[in-house]
Amino acid sequence: MTAVPYLTVLLFLVVIAALVWFTRAYDEEEQRATLINDVLWMEQNLQFKLDRNVSQLAQIGQEILSTTDHHPSQTSAALRQLVRSENGLVRVMWLDATGHMQGALPPLGEGEMPGESPSEQSASRFRLARALERPIYGQIHAAAGDRQQFEVHVPIYSENGFAGAMVGVYSLRELVTDELPWWFAERYRVSVHDSDGRVLVSKSKVAPLSDRLNYSMALDPPGGGLTLQVTAYRGETRWVQVLLIGSILLLGGILIWSVLQLRRELQRRHRAEQALRSESLFRRAMEDSMLTGLRARDRDGRITYVNPAFCRMVGYSAAELVGCTPPMPYWDPEFLEQTQEVHDRVLSGNAPPDGFELRLRRKNGERFDALIFEAPLIDAAGRHTGWMGSLLDISAQKHAEELARQQEERLQATSRLITMGEMASTLAHELNQPLAAIASYNTGCLNRLEQPTLDREEFKDIFDRIGRQARRAGDIIRRVHDFVRRSEPKREPLDINLMIREAIGLIEADSAKRGMRVETELDESLPAVAADPVMIEQVIVNLVRNGMDAMRDNPPSRRTVRVNTQREGDMLVVRVADNGTGIDPETARRLFEPFFTTKTEGMGMGLNICRSIAELHHGRLGFETNPDGGTIFTLSLPVETS
Ligand code: ADP
C-alpha cells in the first residue's frame, strides 16, 4: 500500500513523457508534410519556369528564324528579357535548319564554339528536336567557370517547314538555387546531385543539417540521373516545448520532493503515535496496577471512567458503572442523604482539600469505609470537564485501629491487674478516710453516752453520717472491683453539678482538717451527661485532692481549690484550679504515667486512672497553667455520647 503514491507519481511522469514524445512526433510529421508541400511547390515552379521559357524561345525563334526581317528591336528586347538569371537561362542561341549557329545572346566570346556546329551531343539533340518536333533537353555538363549547364533545343517551324532551333542554355545554379524565394532558402538546403551522388550545386547555410527531414526527387528535365534534394534545417529551438518539458520536469521534481516530505512527515507522525501509544499503555498499566480506586465524573456527576482497583473495591464492573448517575449503586442506602450531600458538595467545587471519609457498600452488601480525595479534571484546552476522585479502602486500617485500641485496653487491663497490689494499697488509703470518720463518729457517740442527757436528734445525725461513710466505703470497694473487671462504665443520665457537690462533700472533713477551702462556680443550665457517677466522682475527688496537696505549703489565704463547670460546644467542661506549686516540664511529661509521683505517701496512680476514666467516657483530661499561679485541670465530657 505504501508504494501506491510512488507508483502514481511514476505513472504520471511516464504519461507526461509519452505526451511530450507524441507532441514531438506529431510536430515532426507536420514538418514533413510542410516539406513535401514545399518541395512539390518548388517542382511545379521549376516546371512552370521551363515551360514558359520554352514557349518564349519558340515565340522568339519564330521571329528570328522564320522571318527575313532580322532582329527587330522588340525581338532583341524580348531576348534580353529572357536571358535573365531569374529565368535560369544564361544564353540563348539560334541555329538555322542545318544546325549552324546564326547568333547568340550574349554573343559567344573567343573560343566559345564559333559559328560551327556545336558539340556532338548538342548536334544529336538538334536532330532529335527536329525529328520529334518538340523541345529536347540535353545532358548536364560542366562549362567554363565551374558551371553546370544544360541546354534545351526548341525546334522552330515556318511556313516553309523546319526553320532551325532555338537553344536555351541553362545554368543549373541559377535555375535551381539562386532564384529561390527567401522563405524557401531560410527553411531548406537545396542541392542537386549527379547519379554518383556528388553535389553539383547547393544552396546552403552554415547551420548543421538534419538528415531526418529531407526529400529527394529526380530533376527531369534535364534528367540523366540528376536528383534534387531538399533538406530542412534543424528546426528552431521550440521554446514552448522546452518550457513545457522544463516545467514538467520541475513539477515532477517538486512532486517527488513533496511525496518524500509527506513520507517523512508520515514517519514522524507514526513515531509520535507509537510514543503516544506506549505512553498511554504505560499509564493504563499504571492505573490498572494501582491499589487506589480512581473514578472520573463529568460536571453533571455522571461516571465517565473507573479503574480496575475501583471496580474491585465496589464489586461492580466498569460497564455497570460508567454512565451511572446518582444515586450510585455503591452508595450505602442507610446513608443515602448524607452521601448525596457530599456528592453535591464535590460538584459545587467545595470538596474538602484534605479528603473526606465515606461509608460505601460493595455489590455483595458488605460495607466499607473509603477515604476520598476529589480534584477537578482539566482538559488540554484548560476547560474544567469534571472531577477525578481517588478512593482508598480504609476499612482494614480502621479495623486495625480498632484492634489496636482493644489491645491497648487489654494491655491496660493487664497493667491494672499487675498493679492490683498497689491498688489494694490505694484502697486502704481511700478506705482509711471513711473508716477514720466512722471511728471518730463512734468515739463521739461513746463520749456523749457518758453524759447524763442524751440528745436523740444529735445521735440520729451522727448515725446518719456513720451510715453515709460506711456506704462510701462500700462504693469504693465496688468501684475497684468494677475497675479490675474492666467493665464498661455504667451510663446513666447525670447532673454533673450534683456529682461535684457530692464529691466535695466526701472530702469536706479532710479539707477542713487541712485548712483548705473548696469553692464552686457551677453553670446550672448544663444538660445531663450519660456517665458513671462513681467514676466521675472519683475523678473529681482525685483532682481536688491533688490541688490541695499542691497548696500544702501555701499561706492560709491562698488555700482555695476552685471548681467550675461550663458548656463548650459539644462538651461539658469541669475545671479544677489551684494556686499550688504548678507543674514543671519534667513532671508534665510523666504526669499521666502509672506510678509517677512526687509525694512520699503518693502512689502515682491517681491521674492515670482519671485519664482512663475520661477516655472511657470519650472525654479528655488535660491541664494548663493557672494564670493566678498553680495549675488548672480540665475534664471534658461529650454532651451526647457520654
Ligand atoms: P499521686 O497523687 O499519688 O502522687 P497522681 O497521679 O495523682 O499521683 O499525681 C502524680 C503527680 O502529679 C503528683 O505526685 C504531683 O507531683 C503531680 N500533680 C498532680 N496534680 C498536681 C497539681 N494540682 N499541682 C501540682 N502537681 C500536681
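Indexing begins at 1, ligand by ligand and atom by atom, following the structure's order.
Close approach to Thr631 involves these atoms of ligand 1, each under 4.0 Å from a residue heavy atom: 24 (N). Remark: ligand 1 atoms within the under-4.0 Å shell around heavy atoms of Asp578 are 22 (C), 23 (N). Atoms of ligand 1 lying under 4.0 Å from at least one heavy atom of Lys599, given by number and element, are 1 (P), 2 (O), 4 (O), 13 (C), 14 (O). Close approach of ligand 1 to Phe596 is summarised as follows: ligand atoms under 4.0 Å from at least one heavy atom of the residue are 10 (C), 11 (C). Heavy-atom contacts of Ile583 reach the following atoms of ligand 1: 25 (C), 26 (N) (cutoff under 4.0 Å). Each of the following atoms of ligand 1 lies closer than 4.0 Å to a heavy atom of Leu591: 12 (O), 17 (C).
Using a 4.0 Å cut-off between a side-chain N of Lys or Arg and a carboxylate O of Asp or Glu, Arg269 and Glu265 qualify as a salt bridge. Between Asp332 and Arg359 no salt bridge is recorded (no basic side-chain N to carboxylate O distance below 4.0 Å). A salt bridge is absent between Asp553 and Arg558: the closest approach of a Lys/Arg side-chain nitrogen to an acidic carboxylate oxygen does not fall below 4.0 angstrom.
For Phe623, the closest heavy-atom approach to ligand 1 does not fall below 4.0 Å. Taking a 4.0 Å cut-off on heavy atoms, Gly582 registers as neighbouring ligand 1.
The N/O atoms of Thr597, backbone and side chain alike, include one that comes under 3.5 Å of an N/O atom in ligand 1. Considering backbone and side-chain N/O atoms, Asn546 comes within less than 3.5 Å of an N/O atom of ligand 1. When only interatomic distances are considered, the shortest N/O to N/O separation between Asn608 and ligand 1 does not fall below 3.5 Å. Inclusion of Thr598 in the set of residues having an N or O under 3.5 Å from an N or O of ligand 1 is warranted. For ligand 1, none of its N or O atoms has an N or O atom of Thr587 under 3.5 Å away.
With hydrogens and angles left out, the side-chain atoms of Asn497 and Thr565 include a donor and acceptor closer than 3.5 Å. Side-chain atoms of Ser317 and Glu320 include a donor-acceptor pair closer than 3.5 Å. Side-chain atoms of Glu287 and Tyr305 include a donor-acceptor pair closer than 3.5 Å.
Among all non-hydrogen protein atoms, the one lying nearest atom 8 (O) of ligand 1 is Gly604 CA, 3.2 Å. Atom 24 (N) of ligand 1 has as its closest protein heavy atom Ala550 CB, 3.3 Å.
Remark: Glu508 CD is loosely packed, at most 12 non-hydrogen atoms of other residues, nucleotides or ligands lying under 6.0 Å away.
Using a 4.5 Å heavy-atom threshold, the side chains of Trp387 and Leu377 count as separate. Residues Gln566 and Glu568 form a side-chain contact, since some pair of their non-hydrogen atoms from C-beta on lies under 4.5 Å apart. Between Asn579 and Arg562, some side-chain heavy-atom pair lies under the 4.5 Å cut-off.
At a heavy-atom distance under 4.0 Å, no atom of Asp549 approaches ligand 1. Of the heavy atoms in Leu607, both backbone and side-chain atoms come closer than 4.0 Å to ligand 1. If you look at Phe633 next to ligand 1, the close heavy atoms, those under 4.0 Å, all belong to the side chain. At a heavy-atom cutoff of 4.0 Å, ligand 1 is contacted by the side chain of Thr581 but not by its backbone.
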Go through it in stages, so that I can follow the logic: the residues are Glu374 and Arg297, the test is salt bridge (charged side-chain N to carboxylate O under 4.0 Å, His left out), and I'd like the CA-CA distance, side-chain angles, deciding distance and then a yes or no. CA-CA 10 Å; Glu374 293 282 357; Arg297 289 181 293 189; 3.0 Å; yes

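Val342 and Leu358 make their closest contact through CG2-CD1, 4.0 Å (heavy atoms, listed as atom of the first residue, atom of the second, distance).
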